[in-house]
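All remarks here apply to the structure that follows.
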Amino acid sequence: MTAPLIRSYDPKDRAAVRRISCETALYGNPIDPLFEDRELVADLLVRYYTQFEPESLWVAEAQGQVIGYLTGCRDSRRYERLFRCRILPLLLVGFLTRGHWHHGRTLHLLLRIWRSERRWSGARRSACAGYPAHCHLNLDREFRQAGTGSGLLKAFLNQLQSLHVPGIHIVTATDQGKRFFTRASFRLLMKYRPVPLPETEPREVWVMGKKLSILTDH
Ligand SMILES: CC(C)(COP(=O)(O)OP(=O)(O)OC[C@H]1O[C@@H](n2cnc3c(N)ncnc32)[C@H](O)[C@@H]1OP(=O)(O)O)[C@@H](O)C(=O)NCCC(=O)NCCS
């Protein structure tokens, strides 16, 4: 098999990026057993990156199909602001108008996740001071373990360095993710236990960071 091509995002990749976000949303597995509305899940996970920062989005393409992506962000404070003002309202409207509030189990789980997020977000923000960029990496299952994730990460780190961004952080709860970012010289900044999700093993979330050396132009 020839190695997937790593390239910048193009708006025609939007549907593939949204599909992969749902295929990998539950710790690298499909989200469907937990929540069946893929449009809302994709809005939650990737709308910021496709709509507000497409220039930091990288994709991997094999045989003409997008099989993985890196959604990047140079300034996580901007992400938080736009997520709060532009994306959260869309999610709330979608959640209410598409009848999800009828489902007691979903509502209860979302409330617990929201409370847990509120509890940890301040500590996470402090731990990530000095690491303003962030990214998420996800590949279709059959294309993992062949160097594609490393290729996507390299492309984004080079981009960040050329823009003089001093550091990047990631948040991961998968064993693959922890191994991958440790091998890429990210260091552990903090860890915590999230709300356990139904049908999944208890997890530990790792927040990891990497300082970037500044490139000089000569
Ligand atoms: C985490 C993830 C993005 C990593 O991408 P990847 O392409 O699998 O990563 P790489 O192939 O570059 O490296 C992974 C492993 O494959 C090995 N590898 C790399 N190239 C290889 C090759 N040509 N042949 C065999 N193995 C290879 C690496 O040594 C590494 O081994 P390790 O796990 O023992 O450290 C991907 O596995 C994934 O999408 N997982 C599910 C979602 C997820 O967990 N995302 C992370 C949260 S942000």
Side-chain angles (χ1 to χ4, degrees), residues 1-7 9 13 16-35 38 41-42 44-50 53 56-63 65-74 76 79 83 113 117 120-121 124 127-128 131-160 167-195 197 199-210:
M1 191 180 70
T2 49
L5 168 74
I6 307 296
R7 61 165 175 78
Y9 171 80
D13 304 324
V17 167
R18 288 172 71 83
R19 174 190 67 73
I20 296 168
S21 75
C22 295
E23 287 293 325
T24 54
L26 192 55
Y27 300 136
N29 297 309
I31 190 67
D32 314 83
L34 196 63
F35 191 62
R38 283 189 161 214
V41 173
L44 171 70
L45 298 177
V46 295
R47 183 183 269 271
Y48 167 81
Y49 308 95
T50 56
E53 200 171 336
S56 303
L57 217 167
W58 293 84
V59 298
E61 182 185 307
Q63 285 130 34
Q65 305 294 323
V66 172
I67 52 86
Y69 63 73
L70 178 152
T71 46
C73 167
R74 294 186 301 273
S76 299
Y79 166 88
F83 187 88
I113 293 173
E117 264 305 295
W120 291 113
S121 58
R124 208 168 48 213
C128 295
Y131 303 86
H134 74 256
C135 71
H136 304 278
L137 256 169
N138 286 300
L139 305 181
D140 277 332
R141 176 171 299 281
E142 58 275 33
F143 292 94
R144 296 175 193 168
Q145 307 279 308
T148 305
S150 304
L152 285 164
L153 184 62
K154 191 168 163 218
F156 186 48
L157 294 185
N158 284 342
Q159 181 182 18
L160 289 177
I168 175 170
H169 70 272
I170 59 96
V171 180
T172 184
T174 68
D175 294 338
Q176 271 178 341
K178 289 169 188 170
R179 249 196 340 265
F180 175 85
F181 286 108
T182 301
R183 203 163 41 78
S185 308
F186 280 64
R187 71 180 187 89
L188 187 61
L189 302 175
M190 69 174 279
K191 50 186 176 178
Y192 60 93
R193 291 236 165 243
V195 170
L197 300 176
E199 325 290 338
T200 62
E201 297 282 312
R203 299 281 172 151
E204 197 169 58
V205 172
W206 284 17
V207 181
M208 303 177 80
K210 182 179 171 96

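As the structure lists them, so they are numbered: ligands from 1, and atoms in each ligand from 1. All residue numbers in this chain count up from 1 along the given sequence. Computed from a prediction, not measured in an experiment: that's the story for all the values here.
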May I ask you to decide if the ring planes of Trp120 and Tyr192 are parallel, tilted or perpendicular, using 30° and 60° as cut-offs? parallel
Please round to the nearest 0.5 Å and tell me the distance separating atom [atom1] of [X] and atom [atom2] of [Y].
X      : Y      : atom1 : atom2 : answer
Glu61  : Ile6   : CD    : CD1   : 10.0 Å
Asn138 : Gln176 : CG    : CD    : 10.0 Å
Phe83  : Arg47  : CZ    : CZ    : 11.0 Å
Leu152 : Arg7   : CG    : CZ    : 11.0 Å
Thr174 : Arg203 : OG1   : CZ    : 7.0 Å

How far is [atom] from the closest protein heavy atom, and which atom is that?
atom                    : value
atom 39 (O) of ligand 1 : Leu139 N, 2.9 Å
atom 24 (N) of ligand 1 : Gln145 O, 3.8 Å
atom 35 (O) of ligand 1 : Arg183 NE, 2.8 Å
atom 40 (N) of ligand 1 : Gln176 OE1, 2.9 Å
atom 47 (C) of ligand 1 : Thr172 OG1, 3.4 Å
atom 34 (O) of ligand 1 : Arg179 NE, 3.7 Å

Going by heavy-atom distance to atom 46 (C) of ligand 1, choose the closest among Leu137, Leu70, Ile67. Leu137
For atom 9 (O) of ligand 1, which of Phe180, Tyr27, Trp206 has the closest heavy atom? Phe180
Could you tell me if the side chain of His169 sits less than 4.5 Å from the side chain of Ser76, heavy atoms only? yes
Can you confirm whether Phe180 sits close enough to Phe186 that some side-chain heavy atom of one is under 4.5 Å from a side-chain heavy atom of the other? no
Is there any N or O on [X] that sits under 3.5 Å from an N or O of ligand 1?
X      : answer
Phe143 : no
Gly149 : yes
Thr24  : no
Ala146 : yes
Gly147 : yes
Cys135 : no

Which segment of Ser150 sits under 4.0 Å of ligand 1 when only heavy atoms are counted: both
With a 4.0 Å heavy-atom cut-off (strictly under), which part of Asn138 contacts ligand 1: side chain, backbone, both or neither? both
Would you say that more than 12 heavy atoms from the other residues, nucleotides or ligands in this model lie under 6.0 Å from the CD of Gln65, or not? no
Determine whether Leu157 and Lys210 satisfy the following criterion, side chain to side chain contact (heavy atoms under 4.5 Å, CB included), listing intermediate values before the conclusion. CA-CA 10 Å; Leu157 294 185; Lys210 182 179 171 96; 3.9 Å; yes
Looking at atom 3 (C) of ligand 1, tell me if a protein heavy atom falls under 4.0 Å from it. yes
The single option from Arg38, Arg141, Arg18 passing salt bridge (Lys or Arg N to Asp or Glu O under 4.0 Å) against Glu23: Arg38
Go through ligand 1 atom by atom and flag the ones less than 4.0 Å from a non-hydrogen atom of Thr174. 43 (C), 44 (O)
